[in-house]
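In the text below, chain A, chain B and the rest are named by the order of the sequence lines, each starting its count at 1.
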There are 2 protein chains.
Amino acid sequence: MGLFSKTCEYAIRAVFFISQKTSEGGRVSIKDIAVGIDSPEHFLAKILQDLSKRGLVQSAKGPNGGFFVNENTLRRPVAEIVEVVDGNGIFVGCALGLKECSEKNPCPLHNQFTTIRDEIHSLLRTTNIGDFNEELILGINSLKR
Amino acid sequence: MGLFSKTCEYAIRAVFFISQKTSEGGRVSIKDIAVGIDSPEHFLAKILQDLSKRGLVQSAKGPNGGFFVNENTLRRPVAEIVEVVDGNGIFVGCALGLKECSEKNPCPLHNQFTTIRDEIHSLLRTTNIGDFNEELILGINSLKR
DNA sequence: TAAAATAAAGACAAAAAACTCTTTTAATTG
DNA sequence: CAATTAAAAGAGTTTTTTGTCTTTATTTTA
């Protein structure tokens with residue numbers, strides 16, 4: 001099990017990819033994104049439809065269409081992608097799956113995992129979608145393998 | 001998505017429960033464990049069979065049979081339960097699902113999540129199965145809701 | 001030794017997640 | 001305005017995870 005669902009992994013990689021391509025000055029098709037991040041094309045299409053509805057990415061149909069992001073998206077935290085796709089369970093849920101786990105009624109691992117989850121949340125809230133464009137352009141970071 | 005699979009959540013809760021009951025001096029049946037941790041009885045039975053094969057819990061058939069743990073198990077880290085059930089993916093995998101993500105070929109979130117994963121690993125390696133028996137007996141910790 | 005208690009095992013079933021394929025809609029361009 | 005391009009939408013399929021039900025094997029005890 002990963003930290004995120006497969007859908008969410010594709011979503012983050014796709015948004016980073018689109019963000020990079022936008023910063024390089026172009027739109028990019030689903031097919032090119034799928035190749036660029038090594039994901040199933042039609043599955044990815046569904047994910048991008050959702051992200052598009054939520055305004056996290058922009059799209060245009062027809063020739064020279066494709067996906068791109070606006071300036072606002074570049075400054076949004078990565079946490080927003082995670083919330084749209086996987087919800088906030090990774091930030092707030094109980095590690096042992098208890099519905100009513102809390103400070104008052106804690107599972108044995110409550111305190112330890114509250115700390116961990118807070119760190120994950122804080123990391124994803126302070127990291128913005130556009131933060132990796134340079135590294136991606138320079139090839140320092142990978143989205144593919 | 002939780003951090004662990006449902007199977008793993010049940011496994012950890014069950015082992016904690018058995019550990020507590022053992023420390024109180026008795027064996028405990030699958031049915032009682034299922035009630036005690038609020039899990040599906042027969043699904044839990046499968047999980048306990050696996051844990052039993054791996055030596056993490058002990059079992060005995062027949063009247064006055066049931067599950068219990070030995071002294072050794074009480075000193076084993078919680079990480080062992082996770083490794084048996086979910087593997088070590090949560091400790092070592094790439095947050096974005098890349099197969100070849102590494103220091104040499106990092107995904108954009110590689111460094112941040114290496115830190116997070118190390119913390120999770122270290123937390124689960126330094127926390128032992130028997131560490132919560134007292135809190136559980138006193139009712140300070142919950143395994144049920 | 002028969003009955004009862006209990007875990008082990010196996011075969012299904014349901015639900016969720018991951019993935020594929022086809023058709024429709026919208027935009028562009030010659 | 002016809003042809004082309006590309007996203008949107010919809011209807012599946014496959015795989016994995018989660019959960020149920022029934023039968024079998026083992027142990028104890030009366």
Side-chain angles (χ1 to χ4, degrees), chain A residues 1-15 17-18 21 26-69 82 84-87 89-90 96-97, chain B residues 1-15 17-18 21 26-69 85-87 89-90 96-97:
Chain A
M1 290 237 321
L3 237 33
F4 308 123
S5 68
K6 219 92 196 55
T7 300
C8 191
E9 291 174 357
Y10 292 144
I12 297 172
R13 281 152 59 192
V15 173
F17 188 84
I18 296 166
K21 294 304 178 190
R27 295 172 174 182
V28 60
S29 70
I30 289 178
K31 180 172 291 192
D32 288 348
I33 302 169
V35 170
I37 69 170
D38 189 28
S39 76
E41 181 179 332
H42 297 286
F43 188 52
L44 178 65
K46 289 297 166 59
I47 300 170
L48 289 176
Q49 279 168 35
D50 285 347
L51 296 177
S52 173
K53 279 173 195 157
R54 299 308 203 88
L56 269 172
V57 301
Q58 266 61 47
S59 70
K61 287 182 177 178
N64 289 312
F67 289 88
F68 57 100
V69 297
V82 176
V84 163
V85 179
D86 279 351
I90 196 178
L96 300 186
Chain B
M1 290 233 326
L3 238 31
F4 307 124
S5 69
K6 221 87 196 61
T7 301
C8 191
E9 291 175 356
Y10 291 144
I12 297 172
R13 280 151 61 191
V15 172
F17 188 83
I18 297 167
K21 294 304 179 189
R27 296 171 175 182
V28 61
S29 69
I30 289 179
K31 178 171 294 192
D32 288 349
I33 302 168
V35 171
I37 70 169
D38 190 28
S39 76
E41 182 179 331
H42 299 286
F43 188 53
L44 178 64
K46 290 296 168 54
I47 300 171
L48 289 175
Q49 281 168 34
D50 285 347
L51 296 177
S52 173
K53 279 173 195 156
R54 300 307 203 88
L56 269 173
V57 301
Q58 267 60 46
S59 71
K61 287 182 177 179
N64 290 311
F67 289 87
F68 56 101
V69 297
V85 179
D86 280 350
I90 195 178
L96 299 186

*Looking at C:dG10, C:dA8, C:dT20, which one has an atom nearest to any side-chain atom of B:Lys46?*
C:dG10
*asked:* I'd like to check B:Leu3 versus B:Ile90 (side-chain heavy atoms, cut-off strictly below 4.5 Å). Are they in contact?
replied: yes
*Which part of the nucleic acid does A:Ala60 contact within heavy-atom distance under 4.0 Å: base, sugar-phosphate only, or nothing?*
sugar-phosphate
*Kindly confirm or rule out a cation-pi arrangement of A:Lys6 over A:Tyr10, judged by NZ or CZ under 6.0 Å from the six-membered ring centre and within 45° of its axis?*
yes
*Nucleotide D:dT22, atom P - distance to NE2 of B:His42 in whole Å*: 9 Å
*Considering only C:dC19, D:dT5, D:dT20, which nucleotide approaches the side chain of B:Pro40 most closely?*
D:dT20
*Atom CD1 of B:Ile30 and atom CD1 of B:Ile18: how far apart are they, to the nearest 0.5 Å?*
9.0 Å
*Answer yes or no: are there more than 12 heavy-atom neighbours, outside A:Asn64 itself, under 6.0 Å from its atom CG?*
no
*Out of C:dA18, D:dT18, D:dT28, which has the shortest distance to the side chain of B:Ser5?*
D:dT18
_Any B:Tyr10 side-chain N or O less than 4.0 Å from OP1/OP2 of D:dG19_ = yes
_Separation of A:Ser29 OG from A:Phe67 CZ (nearest 0.5 Å)_ = 9.0 Å
*Whole angstrom is fine here: how far is it from CZ in A:Phe43 over to C1' in D:dG12?*
14 Å
*May I have the distance from B:Gln58 (atom CD) to C:dT6 (atom P), rounded to whole angstrom?*
19 Å
*Contact summary for B:Leu48 and B:Ala14, nearest pair of heavy atoms*: CD2-CB, 4.1 Å
*In whole angstrom, what separates A:Gln49's CD from C:dT25's P?*
14 Å
_side-chain N/O A:Lys53 vs D:dA9 OP1/OP2, d < 4.0 Å_ = yes
_Atom pair distance, as rounded to whole Å: CG in B:Leu44 and P in D:dT18_ = 14 Å
*In whole angstrom, what separates B:Lys6's NZ from D:dG19's C1'?*
12 Å
*For residues 26-34 of chain A, which residues have at least one heavy atom under 4.0 Å from DNA chain C?*
none
*Measure the CG-CZ distance between A:Asp32 and A:Arg27 for me, rounded to the nearest 0.5 Å.*
14.0 Å
*asked:* From the set D:dA8, C:dT28, D:dT27, return the single nucleotide nearest to any side-chain atom of A:Phe67.
replied: D:dA8
*Please give, in whole Å, the distance from D:dT26 P to B:Lys61 NZ?*
5 Å
*Starting from the 5' end of DNA chain C, give me the residue, B:Gly62 or A:Thr7, whose nearest nucleotide shows up first.*
B:Gly62
*asked:* Let me confirm one number: the OG1-CD1 distance from B:Thr7 to B:Ile47, rounded to the nearest 0.5 Å.
replied: 4.5 Å
*Could you state the CG-C1' distance from A:Leu51 to D:dA7, rounded to the nearest angstrom?*
14 Å
*Does D:dA7 have OP1 or OP2 sitting under 4.0 Å from an N or O in the side chain of A:Ser59?*
no
_Quick check on D:dT29: is either OP1 or OP2 less than 4.0 Å from any side-chain nitrogen or oxygen of B:Asn64?_
yes
